[in-house]
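Atoms within each ligand, like the ligands themselves, are counted from 1 in listed order.
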Amino acid sequence: MEYEKGLQIWSRACDKLRDILSKDVYERWIAVITYKGYKDEVYHLSVTNDFYLSWLEENYSSLISEAISSVTGAPARIQLVVERDAVPEPEGDEEEAPKSRRPRRQGADANLNKDYTFENFVIGPSNNFSHAAAMAVAQSPSRAYNPLFIYGGTGLGKTHLMQAIGNFVLSKNRRKRVSYLSCETFTNEYIDALGQKKLTQFRKRYRNVDLLLIDDIHFLRGKQQMQEEFFHTFNALFQNRKQIVLTCDRPASELKDLTPRLVSRFEWGLVTELEVPDIETRIAILRHKSEYLNLAIPESLLFFLAERISTNIRRLEGGLIRVASYISLTGKKDKKDIEYLLRDTLDQQQDHYVPVDLIQRTVARHFGIHVADLMGKKRPRSIAHPRQIAMYLARCLTQESLPSLGGAFGRNHATILHAYRQVEKRTGEDNQIRQTVNTLKQKIAAEARGQTV
Ligand code: ADP
Ligand code: MG
């Protein structure tokens with residue numbers, strides 16, 4: 001099918017979608033799609049980032065196919081891909097070709113996600129050392145630290161930071177040869193090259209770059225021959241004063257079956273760790289992301305997400321995008337609905353059994369009052385306030401029913417519910433109360449694990 005014809009079909013399908021979806025949803029999720037062409041009986045569509053892709057695939061792909069097929073009267077298959085915004089071509093490039101299909105010359109090799117920049121990287125205590133090291137390397141490649149070895153758990157920003165170096169170097173000088181690839185790709189290319197007897201080409205390709213970024217180096221574990229090959233690539237680059245940056249899910253010395261000479265080389269330069277971000281950093285990341293993507297999410301929900309998704313930034317972002325879409329689709333912003341929506345993503349708060357009396361003791365100690373006061377009827381604020389907080393926490397952190405919690409505080413269920421609602425409301429409005437509640441939650445969790453803080 002000709003491009004023009006396909007485009008017409010697509011635009012009529014869009015009309016149909018506009019009719020059935022709300023304006024907000026249409027603008028947010030459908031208007032951002034670009035029609036690329038029709039090939040092998042598939043409609044090829046593109047969006048500019050992974051968020052759109054995953055949300056569309058999860059929620060709208062069948063609706064989109066149906067809209068197309070209602071225009072053509074035949075079943076339609078669609079394929080969505082991510083195509084980042086085009087970057088200006090360097091001058092004097094190749095002959096005419098459809099712009100969107102032609103990879104930019106440097107970008108093709110560099111293989112970088114242009115959203116992974118230093119500007120988009122939120123700094124906090126968990127990552128400021130790694131960030132500073134990455135920045136130093138980006139500013140003076142092969143002079144600051146070589147290699148730079150960044151390690152840390154999944155979803156903590158290793159790939160982002162590594163690619164930020166590449167993007168920075170290219171932004172200063174587009175002629176620099178930058179190569180980003182996962183260790184797995186590196187391995188596969190090596191195996192292909194072996195099979196096709198193109199080893200020389202392979203070596204030339206990776207030993208002639210200015211900056212080599214190899215992601216997830218733990219993939220080398222147990223692969224002797226690959227380690228050998230990598231060892232030589234490393235040496236060639238290092239001797240030519242070319243910058244190498246590596247990421248790994250743990251310190252090199254903890255990689256089993258990694259030849260000691262590689263371990264020692266990985267530690268020649270600087271080794272930095274990306275840690276799990278604290279709550280403030282998580283909130284800052286969510287704020288940054290929601291501004292960047294222009295999402296309208298109430299501040300209280302950002303807090304909620306930051307609080308309940310604590311160990312993986314990728315999951316945090318995934319949660320954000322799902323919440324944004326959910327709100328735009330349903331108009332619902334209730335915490336309970338969001339909690340249900342994200343039930344598989346949120347941290348399990350119940351991994352340790354928390355007895356009510358542990359909560360009472362911790363809260364009483366925190367406020368310097370007697371546990372008995374929490375159960376009494378005294379009303380001065382110095383006691384009523386901790387009491388409400390204790391009730392609130394008991395409701396949040398245990399599975400006990402309201403009547404049973406009432407019993408534990410010498411009250412009825414309605415008092416507990418009232419306290420819960422009061423505190424819930426105030427944590428949304430008052431920073432200080434929110435912080436007190438968070439601190440107490442951490443103390444209680446630590447106590448429940450048998451530690452004290
Ligand atoms: P890793 O490679 O460690 O598994 P990624 O670099 O893929 O993690 O990061 C996961 C997601 O979290 C990415 O979308 C990335 O942009 C985002 N991210 C991680 N750290 C930060 C940060 N400090 N500021 C902003 N976004 C971050
Ligand atoms: Mg990664």
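- Other residues, nucleotides and ligands contribute more than 12 heavy atoms inside 6.0 Å of the CD atom of E299.
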*Which is it for N167 and T117 under the side-chain hydrogen bond (donor to acceptor under 3.5 Å, both in side chains) test, yes or no, and what are the steps along the way?*
CA-CA 6 Å; N167 279 317; T117 58; over 6 Å; no
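- Listing protein N, O or S atoms at distances below 2.8 Å from the Mg ion (ligand 2), with waters left out, gives T159 OG1.
- You'll find the ring centres of W268 and F238 inside the 6.0 Å limit.
- Contact check for F186 versus I214: side-chain heavy atoms found under the 4.5 Å cut-off.
- In this structure a side-chain-to-backbone donor-acceptor pair under 3.5 Å is missing from K176 to S171.
- Residues T34 and L45 form no side-chain contact, since every pair of their non-hydrogen atoms from C-beta on lies 4.5 Å or further apart.
- Atom NZ of K425 sits in a sparse spot, with 12 or fewer heavy atoms from other residues, nucleotides or ligands closer than 6.0 Å.
- Ordered by chain and residue number, the residues placing a heavy atom less than 4.0 Å from ligand 1 are Y116, N120, F121, V122, N127, G153, T154, G155, L156, G157, K158, T159, H160, I285, I313, R314, E317.
- Annotation: cation-pi pair R434/F303 present, NZ/CZ under 6.0 Å from the ring centroid and within 45° of its normal.
- With a 6.0 Å cutoff to the six-membered ring centre and a 45° limit on the axis angle, K114 does not count as a cation-pi contact of Y116.
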